[in-house]
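Have a look at the structure below before the remarks.
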Amino acid sequence: MTPFEEQVYGICRRVPEGKVTTYKAIAGALGIKAYQAVGQALHKNPFAPNVPCHRVVNADGSIGGFAGGIKKKMEILRSEGIIIKAGKISKDQMITSFSPSPLHPRG
DNA sequence: CCGATGACGCGCC
DNA sequence: GGGCGCGCCATCG
């Protein structure tokens with residue numbers, strides 16, 4: 001486990017149900033620009049489904065990737081209430097900015 | 001440090 | 001929406 005991954009998982013769990021975020025947003029929240037590294041961390045995601053890695057999509061709204069298969073990811077998102085149109089998600093459902101609070105929301 | 005990899009992002013057609 | 005190329009950064013070997 002790397003301190004970087006810890007960060008990624010921490011941000012990912014900040015995503016509420018019915019909402020999705022982007023790799024860019026997570027990396028940005030950490031103060032870095034390793035969008036790809038964020039994905040790789042989620043790919044490892046040992047805290048699933050504790051960590052809703054499936055609620056992370058591309059910055060343009062496309063699904064992105066998933067260790068269980070893109071189809072599966074869509075199914076989960078749809079089940080959460082996410083509306084996927086033309087294979088993309090509306091920005092209204094995206095969280096492009098996270099709170100600077102270092103506290104854990106799980107409380 | 002070097003080389004290779006990747007669930008990315010952006011620009012262009 | 002789909003395809004292509006380049007740049008970016010952390011991880012792994």
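Chain letters run A, B, ... following the sequence lines, proteins first and then strands; every chain starts at 1. Since we're looking at a predicted model, the values are computed, not measured.
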Requested in this report: Would you write the dot-bracket representation of DNA chain C, where each base gets (, ), [, ], | or . depending on whether it forms a Watson-Crick or G-U pair under 3.5 Å and with which partner?
Outcome: .||||||.|||||
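- Interface residues of residues 18-28 of chain A facing DNA chain B, ordered by number: A:Y23, A:K24; criterion, heavy-atom separation under 4.0 Å.
- Summarising the geometry of A:I70 relative to A:G65, their closest heavy-atom pair is CD1-CA, 3.5 Å, with the distance given to 0.1 Å.
- Legend: residues meeting side-chain contact (heavy atoms from CB on, under 4.5 Å) with A:K72, ordered by chain and number and at least two apart, are A:F66, A:E75, A:I76.
- Expressed to the nearest 0.5 Å, how far OH of A:Y23 lies from SG of A:C12 amounts to 9.0 Å.
- Counting heavy atoms from C-beta outward, A:E17 and A:P52 have side chains that stay 4.5 Å or more apart.
- Summarising the geometry, atom CD1 belonging to A:I63 is positioned 5.5 Å from atom CG belonging to A:L77; distances are rounded to the nearest 0.5 Å.
- Residues satisfying the salt bridge (charged side-chain N to carboxylate O under 4.0 Å, His left out) criterion with A:E80, sequence neighbours excluded, are A:R55.
- Qualifying side-chain contact (heavy atoms from CB on, under 4.5 Å) partners for A:P46, counting only residues two or more places apart in sequence or in other chains: A:M1, A:Y9.
- Qualifying ring pair (Phe, Tyr, Trp, His ring centres under 6.0 Å) partners for A:F4, counting only residues two or more places apart in sequence or in other chains: none.
- No continuous path of hydrophobic side-chain contacts links A:V57 to A:I95 [ILVMFWY only; heavy atoms under 4.5 Å].
- We find the NZ-CD1 distance between A:K73 and A:I84 to be 9.0 Å, quoted to the nearest 0.5 Å.
- Among residue pairs with one or both ends in residues 30-47 of chain A, those qualifying as side chain to side chain donor-acceptor pair (under 3.5 Å) are A:K24-A:Y35; sequence neighbours excluded.
- Among all heavy-atom pairs drawn from A:R13 and A:G10, the shortest one is CG-O, 2.9 Å.
- Across the interface with DNA chain C, nearest-nucleotide mapping of A:Q36 and A:A86 shows A:A86 to be the residue nearer the 5′ end.
- Nucleotides of DNA chain C with any atom under 4.0 Å from a heavy atom of chain A span, from 5' to 3', C:dG1 to C:dT11.
- Proximity of residues 39-60 of chain A to DNA chain B (heavy atom under 4.0 angstrom from any strand atom) is restricted to A:G39, A:Q40, A:L42, A:H43, A:C53, A:N58, A:A59.
- With sequence neighbours left out, A:S62 forms a side-chain hydrogen bond (donor to acceptor under 3.5 Å, both in side chains) with A:N58, A:D60.
- Counting 5' to 3', DNA chain B first comes under 4.0 angstrom of a heavy atom of chain A and last does so at the ends given by B:dT5 to B:dC10.
- Distance check: A:I11 CD1 to A:L30 CG gives 5.0 Å after rounding to the nearest 0.5 Å.
- Counting only residues at least two apart or on different chains, the side chain to side chain donor-acceptor pair (under 3.5 Å) pairs with a member in residues 81-94 of chain A are A:S90-A:D92.
- Residue contacts shown for A:F4 are limited to sugar-phosphate atoms, with no base heavy atom under 4.0 Å away.
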